[in-house]
**Student:** 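Encoded as structure tokens, here's the structure I'll be asking about.
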Amino acid sequence: MSSGCSIVWFRRDLRVEDNPALTAGVRAGNVIAVYIWAPEEEGHYYPGRVSRWWLKQSLALLDSSLKNLGTSLVTKRSTDSVSSLLEIIKSTGATQLFFNHLYDPLSLVRDHRMKEILTSNGISVRSFNADLLYEPWEVLDDEGRPFNTFTQFWDRCLSMPYDPESPQLPPKKIISGNLSKCCSETLIFEDESEKGSNALLARAWSPGWSNADKALAAFINGPLLEYSKNRRKADSATTSFLSPHLHFGELSVRKVFHLLRIKQVLWANEGNTTGEESVNLFLKSIGLREYSRYMSFNHPYSHERPLLGHLKFFPWVIDEGYFKAWRQGRTGYPLVDAGMRELWATGWLHDRIRVVVASFFVKVLQLPWRWGMKYFWDTLLDADLESDALGWQYITGTLPDGREFDRIDNPQFEGYKFDPNGEYVRRWLPELARLPTEWIHHPWDAPEYVLQAAGIELGSNYPLPIVKMDEAKARLQEALTQMWQHEASSRAILENGIEEGLGDSSETAPIAFPQDMEMEMDENTLRTNPTTTTIRHYEDQMVPSMTTSLFRGGEEESSSEIGNFREDSRAEVPINQGGDGDGEGQTVRTGNMQPPIDITRALRITDDLPADSSNSSSSSSRERDGGVVPVWSPSTSSFSETFVGEDSSYLQRRTQSHQLINNWRRLSQTG
DNA sequence: GCCGTTTTGTC
DNA sequence: ACAAAACGG
């Protein structure tokens with residue numbers, strides 16, 4: 001082997017067990033384990049308070065595990081991971097770098113750029129699959145194209161001709177590289193105002209890979225059996241609680257799969273159908289996680305843009321008041337409010353309730369789904385870009401297998417389904433604690449004397465429904481009619497031959513949220529609710545800040561965006577109505593809308609490590625020591641006529657202002 | 001026990 | 001909306 005040492009770059013693979021990059025590094029000789037904290041690279045998705053808290057704990061545990069094995073974790077604060085890596089390489093004389101794949105758009109671009117740069121500097125770079133059962137490019141239909149629905153995808157995963165890799169044991173010992181010229185920097189994950197709230201988290205959660213392992217065992221030997229039966233309960237106690245562990249890669253999903261399979265066989269032999277059903281159901285939720293990466297890889301903008309374009313002209317309600325009421329759990333629908341209060345208080349929500357509150361957000365309030373997604377990102381302990389994007393798009397109905405858009409779930413009925421005795425509501429809405437179960441999910445119907453006896457004054461200490469269900473239905477119909485009209489007139493204009501340069505000026509005017517986040521919506525199609533109050537209150541929830549963007553203001557953001565972010569808005573989530581956008585040529589209206597541009601950027605796999613002999617037979621290489629690195633390239637072999645308006649035009653709209661996107665674009669054109 | 005009808009669950 | 005499951009005459 002080479003004389004220099006290897007760098008193992010940890011990201012969201014914070015474990016020593018079944019970590020292929022670490023294993024490869026150890027096999028190659030001396031190892032320097034590195035973690036780089038560069039949240040600015042995440043753009044709008046600077047992690048929320050609870051997520052950062054978790055990361056902090058997890059890194060501490062990883063460090064102590066590494067110390068037991070013979071080295072320690074080098075931590076660096078950076079605004080540019082790649083240059084930090086280069087510095088570390090220079091100071092240590094490392095000759096190799098190992099890392100595990102990530103599939104979110106920013107990581108794919110950054111990692112590819114990193115690999116190009118390091119390789120041109122003479123460093124050997126190798127990357128691995130540590131996050132998935134199968135790499136996205138392995139799971140294809142009979143024509144070799146990616147699947148577009150979850151069911152098909154998951155069926156194929158479960159019937160692949162080969163099993164996922166078996167989990168690897170942790171290394172017995174790590175020979176440390178020379179750390180003397182490579183000192184760690186202290187990483188700061190919380191500010192003073194957050195410490196108090198964070199202290200509570202430690203009572204409920206134990207981050208870190210060894211705790212993840214325990215949590216997995218506890219779940220498999222406990223609640224798993226009844227998982228299927230309990231799925232309709234709002235109560236979190238029956239869930240696995242593994243998602244934050246999985247998000248940070250403290251737990252290998254292959255290990256989860258492996259252990260579940262063992263249980264499955266066991267229970268199948270015993271004829272335990274309950275158990276079998278539970279395993280299948282839980283496996284499916286693992287599958288959804290896989291699918292979220294799959295979708296992100298194949299449709300790299302799925303966290304920002306709808307996959308289906310059929311709602312392109314939907315007049316989303318831009319109403320700060322609604323949004324705030326939802327966040328605070330003051331919508332007047334007890335199940336929704338209880339969920340939002342739980343989320344606020346704990347950073348956690350049962351999947352069922354996530355669906356309830358999200359669907360209420362999109363269908364009843366008709367707020368744009370990306371706001372909700374961003375709020376989830378900022379508040380959830382297991383905030384995960386790919387999963388959350390998949391979930392919100394599913395709820396919104398912009399996936400090929402999503403639900404019908406005009407179906408509105410009624411929180412009152414869902415309440416009696418998921419929380420038949422009202423326990424969940426009473427726990428999180430103390431003001432309703434004394435209301436009898438008969439009325440607990442629809443207090444607005446309760447007789448006055450019942451309310452009085454329960455100490456409730458609707459509109460005072462508990463709100464009346466923010467929107468009545470029949471009004472919501474009517475409004476949804478009306479909005480759909482509007483949408484079709486917009487669509488028709490837009491099409492008419494196009495057919496009359498008004499030409500525009502492809503894509504460049506045809507996009508919709510972005511609506512910023514919060515402050516700096518662009519929403520791809522057309523101003524014309526936005527309804528501003530007449531009842532909107534624009535009063536802002538800053539005593540809003542002490543929820544993990546909407547990214548107070550402590551560090552925002554790098555070269556890629558325009559100053560107007562930075563300008564309107566204030567310290568005192570920490571707890572508030574004001575909405576910026578597009579007016580002070582990012583200064584790009586964004587003032588395009590519906591009338592100029594181009595037809596959906598059907599250039600699909602499928603991701604291509606290139607084997608750009610010819611040294612690896614295993615890659616001779618294309619992308620289905622099962623080799624774990626991957627020379628296979630995901631790279632984008634434009635592809636005209638579109639599998640997605642159904643996916644309208646994807647990627648390209650949006651890409652172009654943003655190119656001027658976003659360095660990362662620039663790189664992305666460059667890569668996609670030359671790759 | 002059978003077939004039309006209602007209910008349920010859906011990523 | 002639709003298919004599977006449960007229901008019921």
Side-chain angles (χ1 to χ4, degrees), chain A residues 103 132-134 136 139 141 146-158 226-234 238-240 242-243 246-247 253 257 273-274 276-299 302-303 305-308 310-311 335 349-363 369-370 372-373 376 380 382-420 473 476-477 480 640 642-643:
Chain A
Y103 309 90
L132 296 174
L133 300 176
Y134 299 103
V139 187
D141 68 14
F147 293 102
N148 292 326
T149 57
F150 170 72
T151 312
Q152 291 177 318
F153 165 81
W154 190 231
D155 282 350
R156 177 54 57 94
C157 286
L158 293 175
E226 307 267 84
Y227 186 77
S228 174
K229 206 179 90 190
N230 287 332
R231 89 185 102 150
R232 7 178 71 253
K233 292 188 185 167
T238 57
T239 63
S240 73
L242 293 179
S243 55
L246 285 167
H247 171 75
V253 79
F257 185 76
T273 48
T274 317
E276 264 191 284
E277 203 180 303
S278 287
V279 172
N280 287 334
L281 197 69
F282 187 71
L283 274 174
K284 195 164 100 177
S285 67
I286 297 293
L288 284 166
R289 180 183 171 282
E290 297 269 310
Y291 191 56
S292 72
R293 272 88 178 130
Y294 187 78
M295 290 306 266
S296 176
F297 182 83
N298 287 310
H299 307 282
S302 60
H303 63 303
R305 308 196 59 201
L307 250 67
L308 292 177
H310 66 301
L311 297 180
L335 186 65
L349 217 46
H350 190 296
D351 181 56
R352 269 295 124 117
I353 307 301
R354 296 185 197 201
V355 172
V356 170
V357 300
S359 141
F360 185 86
F361 185 94
V362 172
K363 306 287 178 68
W369 62 272
R370 282 188 54 210
M373 193 188 111
F376 270 23
L380 279 170
D382 59 2
D384 181 284
L385 203 51
E386 295 95 311
S387 291
D388 291 346
L390 181 71
W392 280 90
Q393 292 228 29
Y394 165 69
I395 298 295
T396 310
T398 49
L399 295 177
D401 48 3
R403 21 173 92 175
E404 291 303 309
F405 187 73
D406 53 0
R407 170 170 169 172
I408 298 188
D409 293 313
N410 190 326
Q412 177 186 335
F413 302 148
E414 291 182 312
Y416 285 107
K417 243 193 278 181
F418 304 137
D419 182 31
K473 278 176 195 151
L476 194 61
Q477 284 310 319
L480 286 169
S640 63
T642 45
F643 294 145

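In what follows, chains carry the letters A, B, and so on, assigned in the order in which the sequence lines appear, proteins first and then strands, with residues in each chain numbered from 1. All values derive from a computational prediction rather than experimental measurement.
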**Student:** Please enumerate all residues that pass side-chain hydrogen bond (donor to acceptor under 3.5 Å, both in side chains) together with N410(A), with sequence neighbours excluded.
**Tutor:**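 Partners of N410(A) under the side-chain hydrogen bond (donor to acceptor under 3.5 Å, both in side chains) test: none.
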**Student:** Holding to salt bridge (charged side-chain N to carboxylate O under 4.0 Å, His left out), I want the full list of residues that pass it with D384(A), two or more places apart in sequence or in another chain.
**Tutor:**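 D384(A) satisfies salt bridge (charged side-chain N to carboxylate O under 4.0 Å, His left out) with R293(A) once adjacent residues are dropped.
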**Student:** So what does R289(A) touch, heavy atoms closer than 4.0 Å: a base, only the sugar-phosphate, or nothing?
**Tutor:**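 It contacts nothing in the nucleic acid.
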**Student:** Return the set of residues passing side-chain hydrogen bond (donor to acceptor under 3.5 Å, both in side chains) with E290(A) (not counting sequence neighbours), or none when no residue passes.
**Tutor:** none
**Student:** For K417(A) and dG9(B), give me the distance from atom NZ to atom C1', rounded to whole Å.
**Tutor:**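 Taking NZ of K417(A) and C1' of dG9(B), I get 8 Å after rounding.
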**Student:** From OH of Y394(A) over to C1' of dC11(B), roughly how many Å is that when rounded to an integer?
**Tutor:**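 In whole Å, dC11(B) C1' lies 5 Å from Y394(A) OH.
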**Student:** Can you measure D351(A) atom CG to dT10(B) atom C1' for me and round it to whole angstrom units?
**Tutor:** 13 Å
**Student:** Mind calculating the distance between CD (Q393(A)) and P (dT10(B)) to the nearest angstrom?
**Tutor:**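 Going from CD in Q393(A) over to P in dT10(B) covers 21 Å.
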**Student:** Compare side-chain N and O positions of R231(A) against OP1 and OP2 of dT10(B) and report whether any pair is under 4.0 Å apart.
**Tutor:**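 For dT10(B), OP1 or OP2 has a side-chain N or O of R231(A) closer than 4.0 Å.
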**Student:** Could you state the CD1-C1' distance from I395(A) to dC11(B), rounded to the nearest angstrom?
**Tutor:**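 Spelled out: CD1 on I395(A) to C1' on dC11(B) is 8 Å.
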**Student:** Less than 3.5 Å apart, any donor N or O on the side chain of S296(A) or E386(A) sitting next to an acceptor on the other?
**Tutor:**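 No, because no side-chain N or O of S296(A) sits under 3.5 Å from a partner of the opposite role on E386(A).
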**Student:** Could you tell me the separation between the CZ atom of F282(A) and the C1' atom of dC11(B), rounded to a whole number of Å?
**Tutor:** 16 Å
**Student:** What does the list of N/O pairs under 3.5 Å between the protein and nucleotides 6-8 of chain B look like, with a distance for each?
**Tutor:**
none

**Student:** What's the CG-C1' distance between L399(A) and dT10(B), to the nearest Å?
**Tutor:**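 It works out to 13 Å between those atoms.
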**Student:** Look at T151(A) and dC11(B) and indicate whether a side-chain polar atom (N or O) is within less than 4.0 Å of OP1 or OP2.
**Tutor:**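 Answer is yes, contact under 4.0 Å.
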**Student:** Which of parallel (below 30°), tilted (30 to 60°) and perpendicular (above 60°) describes F150(A) and Y291(A)?
**Tutor:** perpendicular
**Student:** Please state how far atom CG in D409(A) lies from atom P in dC11(B), giving the value in whole angstrom units.
**Tutor:** 14 Å
**Student:** Identify, with sequence neighbours excluded, every residue that meets side-chain hydrogen bond (donor to acceptor under 3.5 Å, both in side chains) alongside T149(A).
**Tutor:**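 T149(A) satisfies side-chain hydrogen bond (donor to acceptor under 3.5 Å, both in side chains) with Q152(A) only.
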**Student:** So, using side-chain hydrogen bond (donor to acceptor under 3.5 Å, both in side chains) as the criterion, who are the partners of R232(A) when residues are at least two apart?
**Tutor:** none
